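Let me begin by presenting the structure, written as structure tokens, before commenting on it.
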Amino acid sequence: MPIKPPITELPIKTAASGFYRGFTKDVTITAKLLVGGLVIWAVAFPDNASSVLSGLNSVILATFNFWYVYAMAFFFLTCIGLALLPISGRLKLGRPEDKPEFSRFSWFSMMFGAGIGIGMLTFATGEPIYHFQTNPDVIKGAVEGATQETVRSAYKWSFSHWGLHAWASYAIVGLALAYFSFRRGLPLTIRSALTPIFGKALSGPLGHVIDVVAVVATVLGVAQTLGFGVNQFVAGLHRIGVGDWLLTEAGDPTKAAIAVALLIIIGASTLSALSGVGKGIKWLSNINMGLSFALLAFFLVFGSTMFGLQALFVGIYDYLVATPALLFTVWNSDGVEGSVQSQLASWQGGWTIFYWAWWVAFAPFVGVFLARISKGRTIREYVLGAAIVPSVMCFVWFALVGGTAIDLELSGQAQGSIIGASLSEQLFATLSVMLSDGLAWVFSVMVVVLLLTYLVTSADSAVLIINTINAAGDEGPKARPHILFWGAALALVVGALLMIGGLGAIQTAMIIGALPFSVVMALMGVAVLKAIWRDGQREKHGLPIFDDEGAESAPAE
């Protein structure tokens, strides 16, 4: 059977004039209606919205937990395999003469800031502290919670959630998009990555559905990130003395505090988005990376350094040894309340499945962004920069920052003040135990500023990516009204869901929205594997593989 030429054209109809000039109206309007409907439903019928979302969430966690686990394992193995194999690792995401647009520092800064920057400030303390008290090894009775022997298992599970799995899910989307956009000349939008499977059918309704699913998943994934960030930002403002009006008696952000925080964040991010990737986003990314290193250096010098370094190296070893088994582990409840199996299933649903859904929902945003800034890099360099290096950076944060918090609790110096604090407060509580009141205030201000820059970077990047998908991959028609709409939409989604059920409501909506896109991501992985293999065959036979080498459009590859 002769090898068909690759598809190098994928016509996507966009409006030639009017308000939606340059945008695919079917995608843009549908996505706006879905997101707008979610906001109106949450605000007008909060009890019904909370009940329905909660019910759907329970069904998904009970029915599709295996799917999330196996899908993430596929992304992980695909990325690592493509990087290690010589035939694929040397391939460039672009033509042979293409050079990277950004320096390695700016490239890494933008990836890290857009990917998991906020999570480092929220979870680098909170997750090791939580797993220090309970984790699957504690549930099984292998170790005793909140003791020295629990530290190793706490880091094994923390690293498993923030390591190669997370970044591989981002990397697979960015890799597929970059491959088809920069080697084939296809639009930089989600549907392009499925051309080896569906061919020219993606120009029509099927492609529109895929892009709409990606936009909705992006909004909900970014909303989850912003929700954590807003809570911690408000907690930080309260810590530095802005006012008691920020928190309720229960310690949760007030509605006024949520509104003010979102106004600041979305206002700044919209201004940054209007300036584009090469200006505002790059500038902010470099600032927050510099502040991140400054804060990390502080913990390295003044924190529990030896404890943290031991946790780092031993934790990485334990994580790598456990990874082959963890890749495919699924725990299902046996229906007996309080049994070990039910506790394991509950823990996995609340942590692992939640994280896998979060990374999947965040993947269209981060993936398009990674592709946008990675032209000219080889697949091996891309995977190293987009998956392995950020994973190690996460491990360092968790070991030094979270390790200091655990050590302060083990030594008795914290006296339960860190463990007893809320997730949003734990980093600030750690600083308060380590430092005098004056210095703790100074570093708390640094954390608040860092939170703001990460939040703004994530929000403005998300707005630009959403508009890129809506505009059929064209970065040109970034009409001001559309930037303003999606900035406001992000704020309203976060605010509405926080007000009807807090972070739990955002988490539930995100898990539901991530499910259909996880199917798209699995197909993207299959498509890029097929494309790389077929291009290898074309190269052997001297056939064209790039978009300007005489290849003609074909029904499918």
Side-chain angles (χ1 to χ4, degrees), residues 118-135 137-138 143-159 161-162 228-229 231-241 246-247 249-253 292 295-312 315 347 350-351 394-448 450-451 503:
I118 297 169
M120 288 299 91
L121 297 176
T122 303
F123 287 94
T125 308
E127 183 153 357
I129 279 286
Y130 182 92
H131 296 324
F132 169 65
Q133 300 168 80
T134 184
N135 62 59
D137 296 313
V138 175
V143 294
E144 183 181 350
T147 62
Q148 182 69 46
E149 66 176 349
T150 322
V151 175
R152 289 185 66 165
S153 59
Y155 275 97
K156 177 182 70 177
W157 294 106
S158 297
F159 287 178
H161 292 149
W162 292 81
F228 281 121
N231 275 10
Q232 193 171 21
F233 182 66
V234 171
L237 291 176
H238 182 262
R239 281 269 178 173
I240 63 177
L246 294 166
L247 299 178
E249 291 183 4
D252 299 319
S292 295
L295 185 61
L296 194 59
F298 163 76
F299 275 95
L300 178 63
V301 175
F302 299 104
S304 302
T305 306
M306 294 308 298
F307 186 96
L309 291 176
Q310 182 178 5
L312 173 64
W347 181 92
W351 285 95
C394 289
F395 298 159
V396 171
W397 266 90
F398 273 62
L400 294 178
V401 181
T404 297
I406 291 175
D407 189 43
L408 291 173
E409 288 289 358
L410 279 173
S411 66
Q413 189 175 345
Q415 297 182 341
S417 61
I418 301 173
I419 286 179
S422 67
L423 181 65
S424 300
E425 290 269 4
Q426 284 176 328
L427 177 56
F428 298 110
T430 303
L431 291 171
S432 295
V433 174
M434 293 173 64
L435 303 168
S436 64
D437 290 344
L439 284 175
W441 184 87
V442 170
F443 276 90
S444 294
V445 170
M446 177 191 290
V447 171
V448 169
L450 185 54
L451 268 169
L503 287 171

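Values in this document were obtained by computation on a predicted structure and should not be read as measured data. Residues: numbered from 1 along the sequence shown. Hydrogens, waters and symmetry mates play no part in the numbers below; they use all other heavy atoms, side chains included.
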Inter-residue atom distance Ile418.CD1 - Thr430.OG1, 0.5 Å rounding: 3.5 Å

Please report the shortest heavy-atom distance between Gly303 and Met434, naming the atom on each side. CA-CE, 3.9 Å

Does the side chain of Phe233 come within less than 4.5 Å of Leu121's, by heavy atoms? no

Validation row: Leu451, Val447 side chains within 4.5 angstrom (heavy atoms): yes

Would you call the rings of Phe159 and Phe398 parallel, tilted or perpendicular, where under 30° means parallel and over 60° means perpendicular? perpendicular

Check Ser424 against Gln232 and note the closest heavy-atom contact, atom names and distance. O-CG, 3.4 Å

Measuring from Phe132:CZ to Arg152:CZ, what's the distance to the nearest 0.5 Å? 15.0 Å

For the backbone of Gly403 and the side chain of Tyr155, can you confirm whether one donor and one acceptor N or O come within less than 3.5 Å of each other? yes

Check: Lys156 and Asn135 side chains under 4.5 Å, non-hydrogen atoms: no

Atom of Glu409, atom of Ile419 and distance for their closest heavy-atom approach: OE2-N, 3.0 Å

Please report the interatomic distance CG(Leu295) to CG(Leu400), rounded to the nearest 0.5 Å. 10.5 Å

How close do Ser158 and Glu127 get, heavy atom to heavy atom, and via which atoms? OG-CG, 3.5 Å

Taking every heavy atom of Ile406 against every heavy atom of Pro128, the minimum-distance pair comes out as CD1-O, 3.8 Å

Set of side-chain hydrogen bond (donor to acceptor under 3.5 Å, both in side chains) partners for Ser304, sequence neighbours left out: Asp407

Please examine the side chains of Thr150 and Thr147, heavy atoms only from C-beta on, and report whether any two atoms are closer than 4.5 Å. yes

Do the ring planes of His131 and Trp347 sit parallel (below 30°), tilted (30 to 60°) or perpendicular (above 60°)? tilted

Is the shortest side-chain heavy-atom distance between Leu439 and Phe302 below 4.5 Å? no

Evaluate the ring planes of Phe123 and Trp351, with Trp represented by its six-membered ring, and classify them as parallel (under 30°), tilted (30 to 60°) or perpendicular (over 60°). perpendicular

Is the backbone of Glu144 close enough, under 3.5 Å, to the side chain of Glu149 for a donor and an acceptor to pair up by distance? yes

So, for Gly126 and Leu423, which heavy atoms are closest and what is the spacing to 0.1 Å? CA-CD1, 3.7 Å

Indicate yes or no: at least one non-hydrogen side-chain atom of Thr404 is less than 4.5 angstrom from one of Phe307. no

Please tell me if the side chains of Phe299 and Leu431 come closer than 4.5 Å, counting only heavy atoms from C-beta onward. yes

Value rounded to 0.5 Å, distance of OG in Ser432 from CG in Leu408: 11.0 Å

To the nearest 0.5 Å, tell me how far Asp252 CG sits from Asn231 CG. 7.5 Å

Less than 4.5 Å apart, side chain to side chain, heavy atoms only: is that true for Met120 and Leu450? no

